[in-house]
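Bear in mind that the values here come from a model prediction, so they are computed numbers and not experimental data. Note on naming: letters A, B, ... go to the chains in the order of the sequence lines (proteins, then strands), and numbering restarts at 1 for each one.
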Protein chains: 2
Amino acid sequence: MTATYRALCAHGYAGTSISRIAEEFPKSKSLLYYHYEDKDELLADFLGFLLDQLEAELEADTPDGPEERLDDFLDKLVPTGMDEEHLQFFQALIEMRAQAPHDETFRRQFDRTDDVIVATLTETIEAGIEQGVFRRVEATQTAEFIHAMVYGMLVRSVLVDDEAVLESTREELDNYVDRHLRIEA
Amino acid sequence: MTATYRALCAHGYAGTSISRIAEEFPKSKSLLYYHYEDKDELLADFLGFLLDQLEAELEADTPDGPEERLDDFLDKLVPTGMDEEHLQFFQALIEMRAQAPHDETFRRQFDRTDDVIVATLTETIEAGIEQGVFRRVEATQTAEFIHAMVYGMLVRSVLVDDEAVLESTREELDNYVDRHLRIEA
C-alpha cells in the first residue's frame, strides 16, 4: 500500500503502472505480480484500504460536543497547509474519482466514501439539533451541501497555486456553518 | 468541434482517440489528421472553443438586477434535469480537468474558465452591494465559495444516480445566497 501511495504521488493515476508500483516495492516483486492481474485491481484494493483509514480517522479522537465534532471533521477533510506530497496524492485521488463512472469497482469505493462522509455529517448535525446547539435545519441537505463544498475545495486546491484562495474558501465554509447552523449564545 | 463533442460523450476522455473523433467527422478525415498532431492538441482547441461559448452564454440575456443576474448565472452553471448526453459530456470535462495538472494547455484553459466564473460572480456581488440589495460581504471570498460549490455539485451529479440529491443541494445553495447575501425587504 505504501508502494502504491508513492507511485501515485510520483506519477499520478494515468502514469502509474504495476511495474512503477513494483519499483517502489522493497519486497519480492513477483509477489506483487502474483497477487494482482493489473493496475486497476491493485488500485481498487488500495482505495478500499484508504477508505478504511479515512473512516478510522474520522472516528478517532472526536470531541464530545456536536459543534466541536463538526469543526474537527472539517479540519480532517480539508487540511490547510498541505505539502507537495499530499497535494500530489489528492491529485491522484481526483483522477481516480474522474474514472469512477467508467469503472464499477472504483465507483463502489467512492460511493462508500461519499456515504460515510454524508452520514457522519448528518448524524453530527442531528445530534446538534437534539442538544439545542444547532438550528432545526434539513440535516441531510446541509450534509450534502458541505460534502459537495469540501470536494470542490479539494479540486481547486490541487489546481490553484495560491494557498490564500484555499484559506479564504475554508473561512467562508466556517462562516456558513456559523450562520446556518449555530444558535448564538 | 461537434465531432469531438460526440466522441467525448460516447467514449469519455480516456476512451477518445483522434480516430474515434474522425469517425464522427462527416467531412474529409485527412483534413482532421492534417490539422492536429494528436488527440490532446485537438482537445485543447475544443476546450478553448467551449470556454468561448461558456463566456458568451454567461453574458447572454443577463437580467439587469444583481439578484436576478446571480440566479441566472447559477441556473446556467448548474443546470438541473440534465439528460444522459449532457451528463456524459460533463463527465468528459471532469476527466479533462483531472488531467490539467499534468497538461499545461488544459491547465491554462481551465484556469481561464475559473477566472471568468469567479470574476463574473465577484462583479455581480459587488454590483449588488453598491445597489444596496446585497450585504457588505467579502465579494471575492463569496465568489470563490460559490465556485467551489458549483464544481462539487457537478462532480456529484455525474456519480450519483439520484436527481433528488442534486436538487436539494441546489436548494441549499439558493438558501445560502438568500441568507448570506440578500438584504430582506
Against chain B, label [X] side chain, backbone, both or neither, depending on which of its atoms sit under 4.5 Å from a heavy atom there.
X: A:Leu154; result: neither
X: A:Glu138; result: neither
X: A:Gln91; result: side chain

Original post:
Are A:Arg108 and A:Asp111 close enough that some pair of their side-chain heavy atoms sits under 4.5 Å apart?
Top reply: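 With C-beta onward as the side chain, the pair stays apart.
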Subject >> Salt-bridge present (B:Lys76, B:Asp61; N to O < 4.0 Å) >> reply: no
Subject >> A:Arg182 with A:Asp174: basic N within carboxylate O range, under 4.0 Å >> reply: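 Not counted as a salt bridge, because no side-chain N and carboxylate O are separated by less than 4.0 Å.
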Based on non-hydrogen pairs under 4.5 Å, which of [options] is most in contact with chain A?
options: B:Val118, B:Thr140, B:Thr142, B:Val155; answer: B:Val155
options: B:Glu171, B:Arg170, B:Gln141, B:Arg97; answer: B:Gln141
options: B:Arg179, B:His180, B:Met153; answer: B:His180

**OP:** Supply the atom-to-atom distance A:Ile117 CD1 to A:His147 NE2, rounded to the nearest 0.5 angstrom.
**Re:** 4.5 Å
Original post:
What is the ring orientation for A:Phe89 with A:Tyr5, classed by angle as parallel under 30°, tilted 30 to 60°, or perpendicular over 60°?
Top reply: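 Rings of A:Phe89 and A:Tyr5: tilted, as their planes differ by 30° to 60°.
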**OP:** Go through A:Gln99 and A:Glu95 one step at a time and tell me if the side-chain hydrogen bond (donor to acceptor under 3.5 Å, both in side chains) criterion holds.
**Re:** CA-CA 6 Å; A:Gln99 286 303 314; A:Glu95 285 176 67; over 6 Å; no
Original post:
Are A:Met1 and A:Leu32 connected, step by step, through hydrophobic side chains (Ile, Leu, Val, Met, Phe, Trp, Tyr) whose heavy atoms are closer than 4.5 Å?
Top reply: yes
**OP:** Examine whether an atom of B:Ile146 lies under 4.5 Å from a heavy atom of chain A, and if so say whether it belongs to the side chain, the backbone or both; otherwise answer neither.
**Re:**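 Contact with chain A is absent: no heavy atom of B:Ile146 under 4.5 Å.
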Original post:
Most heavy-atom pairs under 4.5 angstrom with chain B, which of A:Tyr151, A:Phe110, A:Tyr13?
Top reply: A:Tyr151
**OP:** For each of A:Met96, A:Glu172, A:Met149, tally heavy-atom pairs with chain B at distances under 4.5 Å, and name the one with the top tally.
**Re:** A:Glu172
